[in-house]
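Step one of this worksheet: look at the structure below.
One-based numbering, in listed order, for ligands and for the atoms of each. Just so you know, these numbers use all the heavy atoms, side chains as well, and skip hydrogens, waters and symmetry mates. Start at 1 with the first residue, then count along the sequence. Note that the structure is predicted; figures quoted are calculated from it, not measured.
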Amino acid sequence: MNFNVEIQKLKDLARQAADVIEEHDYVRIISHNDADGLTSAAIMCRALMKKGIRFHTTIVSRLDDSVVDTVIESSAEQDLVIFCDMGSGQSDMISRISQEIVILDHHIPVGDSSAKVTVNPHLVGIDGAMHLSASGTTYLVAKALDAGNTDLAGLAIVGAVGDKQLMNTVNNTILEEAEDAGVISVRKGLKMGDGDIADILEYTPEPYLDITGNREKINEFLGILDLKGNISELSADEMKKLTSAIALKLAKKASSEAIDASIGDVYYLNKELVSNVYDMVAILNTCGRMEKAGMALSICMNNREDLEEAQNMAVEYQRSIVENINKALDKLQIGNNIGYLITQDMESTGMVASTMVRYINPDMPFIAVNQVEDIVKVSARGTRALVSNGLDLAFALREASKSVGGDGGGHNVAAGASIPQGTEEEFVSKVDEIVGSQIEVNKED
Ligand code: C5P
């Protein structure tokens with residue numbers, strides 16, 4: 001199936017969104033603080049700048065009532081409000097906004113939306129969790145605004161890689177367009193950032209290996225392979241030796257998608273400040289997490305000023321994720337149908353949950369429950385194999401959180417929730433029960 005009809009329908013929606021945008025002089029952009037949300041915002045900012053349309057961008061970690069209040073307070077009646085990477089699941093919340101709204105999102109739509117136009121792959125039968133990111137969706141609108149906006153395709157691919165998507169259907173169309181325009185080059189190799197091999201293996205959380213974070217073991221591993229130096233300077237044979245040795249390590253425990261996520265096509269961004277797509281994703285995610293969204297946007301706008309600081313922050317942040325994963329391993333619990341942990345003040349729970357399900361225990365989805373001050377936040381991650389067996393984490397987390405007085409949602413493969421303090425155990429057992437009814441988990445006795 002080539003999805004040409006669906007892609008055309010999506011482009012028609014993008015055209016409608018572009019028409020609404022062109023009717024406005026001022027746009028209020030609200031987007032998400034991860035790599036996909038930040039690249040979505042940057043694509044829209046760059047497209048609007050080119051059109052001479054003024055804008056004001058705010059990056060948030062989630063869309064809630066306080067964000068809606070901010071939009072209402074800071075927008076004039078004639079302004080256009082654009083939500084990127086959010087808004088599809090919060091129809092009730094955004095109905096309070098009287099301004100015209102455009103939603104550019106890839107989350108599953110819920111309820112009747114008050115938006116004038118929603119561009120969302122799910123509306124045309126394309127899976128937004130895997131085949132189109134918010135940045136890709138926003139790129140289609142940028143292209144509808146100006147066919148010459150192909151230079152923004154690199155950022156669309158960064159968003160897709162950040163959301164661990166597949167380069168199928170629409171993503172593949174964008175990738176081909178980017179390659180044809182010379183915006184992206186593709187080379188086979190390890191899907192990791194650039195730099196000294198030993199350093200990268202030490203601080204990079206993905207792929208998570210049995211040597212990650214342990215310099216002694218890394219030196220031993222590289223010593224046996226007789227490899228050292230910068231990864232970008234390895235010969236083809238040396239790269240093959242390294243990828244084969246890593247593939248062997250992964251084959252022991254990881255999910256098949258983790259292997260795919262670790263070795264294969266690596267994208268190089270020819271028109272952005274950071275060439276390696278994995279370095280770019282790490283920088284953007286770090287800036288988003290550290291509440292330095294301005295820095296992230298400025299890098300996406302090709303402003304070199306903050307680059308070095310952001311690069312250093314990204315290395316330190318990745319190092320801290322590796323430490324967190326290593327600590328989380330001690331707290332891992334196994335239920336009937338889910339792996340989980342209940343903890344406090346853990347950073348980067350999404351990444352911890354994703355590592356657990358991809359690299360440590362791929363037979364069950366993983367739920368990280370983390371209390372921060374008086375809120376308990378939950379991150380849940382699955383694999384594509386589990387999803388094809390029926391797993392729908394968005395449903396499981398929405399229903400389980402609702403049953404304990406919280407709220408949640410997201411995608412079938414990656415979802416989140418907020419739940420009241422004290423309900424952690426009840427919530428986990430509810431998720432376990434719902435997931436059990438969704439999938440046949442193949443447990444090893
Ligand atoms: O926070 P985390 O990265 O784990 O969120 C994963 C997904 O779950 C995101 O798509 C996010 O929008 C969604 N989510 C949600 N409701 C929440 C928390 C997260 O819909 N309370």
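- With rounding to the nearest 0.5 Å, the separation of CG in Asn276 from CG in Asp194 is 4.5 Å.
- Residues passing the ring pair (Phe, Tyr, Trp, His ring centres under 6.0 Å) test with His411, sequence neighbours excluded: His106, His107.
- Within 4.0 Å of ligand 1, protein heavy atoms come from Arg62, His107, Ser379, Arg381, Asp407, Gly408, Gly409, Gly410, His411, Ala414, Ala415, Gly416, Ala417, Ser418.
- With sequence neighbours excluded, no residue forms a side-chain hydrogen bond (donor to acceptor under 3.5 Å, both in side chains) with Asp92.
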Name each donor-acceptor pair under 3.5 Å that joins a side chain in residues 315-323 to protein atoms two or more places apart or in another chain, with its distance.
| unit_1 | atom_1 | unit_2 | atom_2 | d |
| --- | --- | --- | --- | --- |
| Gln318 | NE2 | Ala314 | O | 3.4 |
| Arg319 | NH1 | Glu202 | OE2 | 3.3 |
| Ser320 | OG | Tyr317 | O | 2.8 |

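- Atoms OG and CD1, on Ser31 and Ile59 in that order, are 4.5 Å from each other to the nearest 0.5 Å.
- Heavy atoms of other residues, nucleotides or ligands lying less than 6.0 angstrom from NZ of Lys51 number more than 12.
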